[in-house]
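Worksheet: one structure, shown below.
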Amino acid sequence: MHSDSGSALDAFSPIDFEAELNPEQRAAVLAPDGPALVLAGAGSGKTRTLTYRVAYLLQQGVWPSQILLLTFTNKAAREMLSRVEELTGMPSWKFWGGTFHGIGQRILRMHGESIGLEKNFTIMDQSDAESLLGDVIREIDSAFAKNKDNPKPKVVGDMISYARNTCRPVHEIVEERYPWIEELPVVVDGFAKAYEGRKRERQLCDYDDLLELWVKLLKENEEVRTHFQDRFKYILVDEYQDTNRVQATIINTLGEKNRNVMIVGDNWQCIYTWRGAEFENMTEFAEQYPDRQIYKIETNYRSTPGILDFANHMMVMHPPIDGYPLELKAHKPNTVLPYVVPAMDTRQQARYVMSRIEGLSQEGRSLKDIAVLYRAHYQAMDLQLELSRSGLPFTITSGVRFFEQAHVRDLVAQLRLASNPRDIAAFNRLAMLLPRVGARTADRLFKLAEKIAARDRISPVLALTHDEVLKKVPKDALDDYRDMGFTVQDIETAMGGPAGNAVEKEDQSDLFTEVVSDEKRAAEAKSPQEVMQLAIDGWYGDYMRTVFDNWQSRKDDLDSLVGFAGRYDTMEELLAQLVLLNSETSDRSIDPEQETIKLTTIHQAKGLEYPIVFVIGLAEGLLPLKRAIESGDTDEERRLFYVSVTRAQDELYLMFPKVSASGGPPQLLEPSRFLREVPEHLYEMLRVRTGW
DNA sequence: CGAGGTTTCGTTTTT
DNA sequence: CGAAACCTCG
């Protein structure tokens with residue numbers, strides 16, 4: 001895929017660390033070997049610091065393959081590595097850089113066999129995992145599933161996941177959350193075990209497995225552990241405040257030998273405790289490495305002093321976080337204060353944002369300089385409506401993501417099944433598309449096919465269209481079922497799989513006993529790109545136009561996947577990325593320069609910055625969220641607000657509706673406590689014109 | 001057992 | 001206002 005263009009570091013002009021970094025940053029970048037804790041406030045050039053650190057290491061003669069760079073999102077990893085490439089000319093693919101989940105996937109793919117993972121294991125996204133858990137629950141305790149007082153599979157899944165991410169026993173979490181159902185802890189514990197078993201038996205991994213099994217691999221396989229401990233001379237971790245216990249264990253294990261671990265974080269920006277993040281990891285790091293150096297980076301280049309004052313003051317009420325106080329110091333010259341704008345309701349709020357954007361646009365502001373942030377996806381609805389009406393271009397990084405759309409998942413399910421014939425979740429998804437096939441029929445068909453496969457020693461994929469199986473397929477579904485089966489077989493063949501190279505539609509009986517040598521297979525294996533095309537041209541392409549009225553545009557989506565597939569060398573890698581990248585923006589062409597307004601949740605805005613930021617829905621019950629108020633824990637909500645405020649560079653609009661309009665009787669809303677706590681002289685109150 | 005219509009519910013954040 | 005859950009019919 002890439003060619004080695006010569007690792008000529010020297011071809012690039014030496015980096016002037018003196019001129020390009022401030023003293024705080026430089027200290028961290030040029031830090032000597034040994035454990036280091038970098039406390040970097042919002043907008044202080046955290047990314048820049050990490051980037052230059054990598055560049056510095058390279059300059060010191062460290063090989064890129066000896067550096068492990070872990071970030072929270074794929075985007076952050078890409079950004080950093082491409083900046084390193086700009087800086088040093090070192091191509092980014094030479095590094096081990098990515099998310100914990102991404103790197104875990106890679107390592108497990110390479111060495112997972114010793115803990116029972118085959119190379120072709122499939123990664124399930126959250127909804128796959130949910131439905132698998134749902135199946136398991138229904139199977140082992142159908143009464144449980146029927147009683148509506150019991151938590152639903154999704155909630156059960158959340159509890160299990162939380163337990164795993166925090167390394168606590170499942171029953172303990174359940175006791176905390178459902179103290180009124182006495183037998184529940186034991187029951188859910190059983191579900192968790194059964195779910196675990198089902199995944200292993202089917203070579204399936206959910207997101208948490210990628211971390212948990214990574215730890216297991218490092219623990220149980222000394223050879224692998226030593227290999228990676230030696231290999232990664234330098235480990236850099238971004239956003240450490242949002243790592244969970246499992247991730248901390250990984251870092252601690254990998255760093256044990258060389259001890260060159262640099263973690264970067266900001267306690268005040270910890271916004272993922274709900275999925276097990278523990279900013280205490282920052283403190284624990286200090287305990288693990290008593291000799292760690294601390295580097296503080298507090299000068300903020302991003303925001304105006306007005307915005308920073310506001311941010312600092314709203315955190316005054318946050319309980320102190322042990323040990324590492326940070327205060328942002330402004331660097332920019334003073335300009336204007338943040339605006340606080342009350343609106344009648346969410347609709348007026350949307351219209352105000354609209355009109356303000358139009359105004360800014362007339363002042364010559366580019367639309368890509370503007371972002372609207374909110375706590376929850378649904379809060380963007382009104383605005384979406386208004387924006388589409390006005391014709392202002394916007395991109396929304398929420399809602400249904402590209403890889404989560406039904407047709408994409410359907411297509412991918414076929415690839416998954418061909419790649420991992422035990423992937424019952426993939427088969428069920430496909431089979432249930434067919435008329436008169438539901439969960440039960442699908443399950444029966446698949447298990448029958450597996451039995452036949454075992455008996456006749458043929459590929460399970462091939463067995464799908466065995467006569468005995470076809471007999472059990474409902475009449476209405478038969479034609480489609482057969483076509484589907486053949487397509488999956490074709491895919492398996494194209495991938496060099498065991499279906500063999502000569503699967504004819506008729507008279508299969510003799511052909512699949514043919515043994516295909518590995519080399520022959522490899523030689524015949526088509527590229528992921530070709531396979532993707534094959535899948536689109538097969539059954540699903542036809543099926544699609546019979547069920548979707550907008551099949552044409554869906555077809556375009558799938559066609560764009562062919563190009564996407566071209567970026568990967570193996571099918572396993574492609575399939576993994578399809579799942580792991582599912583948070584990426586849904587727009588087909590990821591084009592950062594396009595002239596559009598950005599609409600995003602606060603969570604997704606982490607690490608980004610915009611000249612002009614609107615934060616909407618700053619009312620009690622929305623931010624902080626009602627549930628947070630009820631549970632009495634609003635600290636994380638406050639940090640969330642802090643994160644949103646510190647995204648802004650020049651102008652910040654803080655908005656709240658006075659009436660909640662959506663659904664049911666209108667309710668009066670109070671301005672968010674986070675707004676009320678801030679002294680009035682730190683912001684300017686704007687009035688919205690009435691009479692809209 | 002599955003489909004399709006009807007009702008009811010509830011609405012966080014993501015790798 | 002939309003999607004899951006429920007119910008009844010084929």
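Chain letters run A, B, ... following the sequence lines, proteins first and then strands; every chain starts at 1.
Of the two residues contacting DNA chain B, namely H603(A) and M432(A), the nearest-nucleotide position lying further toward the 5' end is that of M432(A). When each of K146(A) and M381(A) is assigned the nucleotide of DNA chain C bearing its nearest heavy atom, the one mapping closer to the 5' terminus is M381(A). Projected onto DNA chain B by closest heavy-atom contact, A442(A) and L640(A) fall at different nucleotides, the more 5' of which corresponds to A442(A).
Between the base of dT13(B) and the side chain of R275(A) there is no donor-acceptor pair shorter than 3.5 Å.
Geometrically, R198(A) does not engage Y195(A) in a cation-pi contact defined by less than 6.0 Å to the ring centre and at most 45° from the axis. At least one cation-pi condition fails for R409(A) and F403(A): the charged atom is not both under 6.0 angstrom from the six-membered ring centre and inside a 45 degree cone around its axis.
At whole-Å resolution of the value, CG in D476(A) and P in dG4(B) are 11 Å apart. What separates CD of Q379(A) from C1' of dG10(B) is a distance of 15 Å, to the nearest Å. M124(A) has its CE atom 16 Å from the C1' atom of dT14(B), to the nearest Å. Distance CZ (F100(A)) to C1' (dT14(B)): 15 Å, rounded to an integer number of Å. Between Y162(A) atom OH and dT13(B) atom P there is a gap of 18 Å when expressed in whole angstrom units. One can place CD1 of I271(A) at 12 Å from P of dT13(B), the figure rounded to the nearest angstrom. Taking atom CG of residue D382(A) and atom P of nucleotide dC1(C), one finds them 10 Å apart after rounding to whole Å. For N428(A) and dG2(B), the CG to C1' distance is 15 Å, given to the nearest whole Å.
Within the 4.0 Å cut-off from OP1 or OP2 of dT12(B), not a single side-chain nitrogen or oxygen of T601(A) is found. H377(A) has a side-chain polar atom (N or O) that falls below the 4.0 Å cut-off from OP1 or OP2 of dT14(B). The side chain of R627(A) contributes an N or O atom lying less than 4.0 Å from OP1 or OP2 of dT11(B). Phosphate proximity of dT14(B) to Q604(A): present, with a side-chain N or O under 4.0 Å from OP1 or OP2.
Side chains of E239(A) and V264(A) form no contact here, defined as non-hydrogen atoms less than 4.5 Å apart.
When the shell of 6.0 Å around CE of M317(A) is examined, it contains 12 or fewer heavy atoms from other residues, nucleotides or ligands. Counting heavy-atom neighbours within 6.0 Å of K447(A) NZ, excluding the residue itself, gives a total above 12.
Only one option out of K199(A), R202(A), R416(A) pairs with D128(A) in a salt bridge (charged side-chain N to carboxylate O under 4.0 Å, His left out); it is R416(A).
dT12(B) is unpaired under the Watson-Crick or G-U wobble criterion, no partner having all donor-acceptor distances under 3.5 Å. Nucleotide dG2(B) forms a pair with dC9(C), judged by Watson-Crick or G-U wobble geometry with both contacts under 3.5 Å.
Look at W274(A) and the base of dT12(B); the rings do not stack under the cut-offs of 5.5 Å between centres and 30° between planes.
Using a 4.0 Å heavy-atom criterion, one finds that L622(A) contacts no nucleic acid atom at all. If you check every strand for non-hydrogen atoms under 4.0 Å, Y272(A) touches sugar and phosphate atoms only. Nucleic acid contact for P435(A): sugar-phosphate only, since backbone atoms but no base atoms lie under 4.0 Å from a heavy atom of the residue. Among the atoms of the strands shown, only primed sugar atoms or phosphate atoms (P, OP1, OP2) are found under 4.0 Å from some heavy atom of R440(A).
Of the candidates dG10(C), dA5(C), dT13(B), the closest approach to any side-chain atom of K152(A) belongs to dA5(C).
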